2 protein chains.
Amino acid sequence: MTPVPAAASSAPRRGRGRPSSPVLTADGITAGAVALLEERGQDGLTMAALARRLGVAPSALYNHVATKQDVLRAVQDDVNRGIDCSGFGRDPWEEALAAWARSYRDAYARHPALVPVMAVTPVGSAPHTVAMYERVSSGLLSAGWPPHLVTNVVVAVESFVLGSALDTQAPADIFDPGDLAATAPGVTTANAARPEGDTARAAFELGLAALLAGLRDLLASAS
Amino acid sequence: MTPVPAAASSAPRRGRGRPSSPVLTADGITAGAVALLEERGQDGLTMAALARRLGVAPSALYNHVATKQDVLRAVQDDVNRGIDCSGFGRDPWEEALAAWARSYRDAYARHPALVPVMAVTPVGSAPHTVAMYERVSSGLLSAGWPPHLVTNVVVAVESFVLGSALDTQAPADIFDPGDLAATAPGVTTANAARPEGDTARAAFELGLAALLAGLRDLLASAS
DNA sequence: ACCTGAACACCGTTCAAGT
DNA sequence: ACCTGAACACCGTTCAAGT
């Protein structure tokens, strides 16, 4: 995001008509939405809250965006801009893919509300998002992946990444069977043996390693 | 779900006080919510719509559930009840895991609104959910998986499954770079080479095969 | 105990009026 | 063109009153 003041000119403007210079810009709205999401969590982004932070009436936003979904799309493109796909075309594809997946997961772990948006929003007209997919796709192609498999590989990794991003939001006791412990000895055993710490990350790294190993085999047998 | 009439006694009751026999039950509320989700999609489930379908005032629901989140939790447990984990303890673990993952993905593809709920809701007091995890965990344990890895395997597969369930909601043209096609030759090449048909399923099957192959290697090297 | 109906504090969005 | 302020049709939830 190009830097934009977090909050607009402290006091709300009192004039009634068109301002002499525009108060809002598309980038300013996006930056405000990102900040709101970061500060207040996923329920914190409302059109009213966004307008207040920008020092305008909620209806003023609709001169710049058609819907709240538009705002989410712009935020998503901004988040994707921060994902590291620099390894493609430089490092071996397995390393590039692993670094991309980690960076991607971390970005959406910070913005879980965007996960369902990301899974469903067409890429067209989201420039950073298109740039990311281009880097990944062309990287896989030039690493020797057959063209007909490339998008499936991207989608499979992405599905795992987005699911893992959601998993970071799970409470620590999500697998505690509670009253039903007596009926769940296997769950209890597995939970007790699971090492403490960042369990979401451990599960992600295990899955990522498995997925990459399987993809390596698949490429070897496909070529 | 135990069978329950889809809509309650056609005409709304006119009496003002406590009914002679209860109009609502927890199971009836859950069944109504499932039906609403299935018929009207994820935005169709509102407390008002649910109440109307059950022939009561919205506030009546709050005698049986504390919040809408409660309703979602109950629906989730009902959905999990339908997931096939019968292979564990019967078939080789790879086959059982694959069948479970497919069934799990299909169930949540029908209920994408529950994906974020599932990722975050503690399992305690959701009997069918606990039963599912018990079957899976004990199946992996008796197949020789080290206890400290079992939950991570479950979470990794689940993350991939839930991400893949979200992906089924993506429009067919999600990767169409639109105006930006000129800047995205790799994406364009990969898209053009991707076979038509159920692309979400193809990506899921590719990822599942890779994940399973990687897990097989991991188990071999861990034991 | 379990319902109704009114009320509360919100949502996203529209639109006439103002400059 | 781009803002304000009032309005609309919703939300989820609370609560007094009724039987």
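Note that this is a predicted model, so its numbers are computed, not measured. Chain letters run A, B, ... following the sequence lines, proteins first, then strands; residues in each count from 1.
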Taking C-beta and beyond as the side chain, do B:Glu134 and A:Pro185 meet within less than 4.5 Å on heavy atoms?
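Yes. Closest side-chain heavy atoms under 4.5 Å.
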Heavy-atom check, side chain of B:Asn80 versus side chain of B:Ile83, under 4.5 Å
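Yes, side chains in contact.
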Under a 3.5 Å distance rule, please check whether A:Ser103 uses its side chain to pair with a backbone N or O of A:Trp100 as donor and acceptor.
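Here the side-chain-to-backbone pair does not exist.
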If only side-chain N and O atoms count, and only distance matters, is there a donor-acceptor pair under 3.5 Å linking A:Thr30 with A:Asp78?
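There is no such pair between these side chains.
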For every nucleotide of nucleotides 7-12 of chain C, 5' to 3': is a protein heavy atom under 4.0 Å from its base (B), only from its sugar-phosphate (S), or from neither (-)?
----SS
Between B:Arg201 and B:Asp167, does any NZ, NE, NH1 or NH2 come within less than 4.0 Å of an OD or OE carboxylate oxygen?
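Result for this pair is no, no salt bridge flagged.
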Look at A:Arg53 together with A:Glu39 and state whether they make a salt bridge at an N to O cut-off of under 4.0 Å.
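Between A:Glu39 and A:Arg53 there is a salt bridge, with a charged N closer than 4.0 Å to a carboxylate O.
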Pair assignment for DNA chain D - dot-bracket with | for other-strand partners, Watson-Crick or G-U under 3.5 Å:
||.|||||...|||||.||
Considering only side-chain heavy atoms of [X], which listed nucleotide, [options], is closest?
X       : options               : result
A:Pro58 : D:dT14, C:dT13, D:dG5 : C:dT13
B:Pro19 : D:dT4, D:dT13, C:dC3  : C:dC3
A:Ala60 : C:dT4, D:dT4, C:dT13  : D:dT4

Not counting sequence neighbours, which residues clear salt bridge (Lys or Arg N to Asp or Glu O under 4.0 Å) with B:Asp84? List them please.
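Expected list: none.
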Does D:dC3 have OP1 or OP2 under 4.0 Å away from a side-chain N or O of A:His64?
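For D:dC3, OP1 or OP2 has a side-chain N or O of A:His64 closer than 4.0 Å.
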Gap between atoms [atom1] and [atom2], on [X] and [N] respectively (whole Å):
X       : N      : atom1 : atom2 : result
A:Arg52 : D:dT4  : CZ    : P     : 14 Å
B:Leu50 : D:dT13 : CG    : P     : 12 Å
A:Asn63 : C:dT19 : CG    : P     : 17 Å

For a quick test of reading the model, state the closest non-hydrogen atom pair linking A:Gln42 to A:Ala113 and the distance between them.
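Reported closest heavy-atom pair: CB-CB, 3.2 Å.
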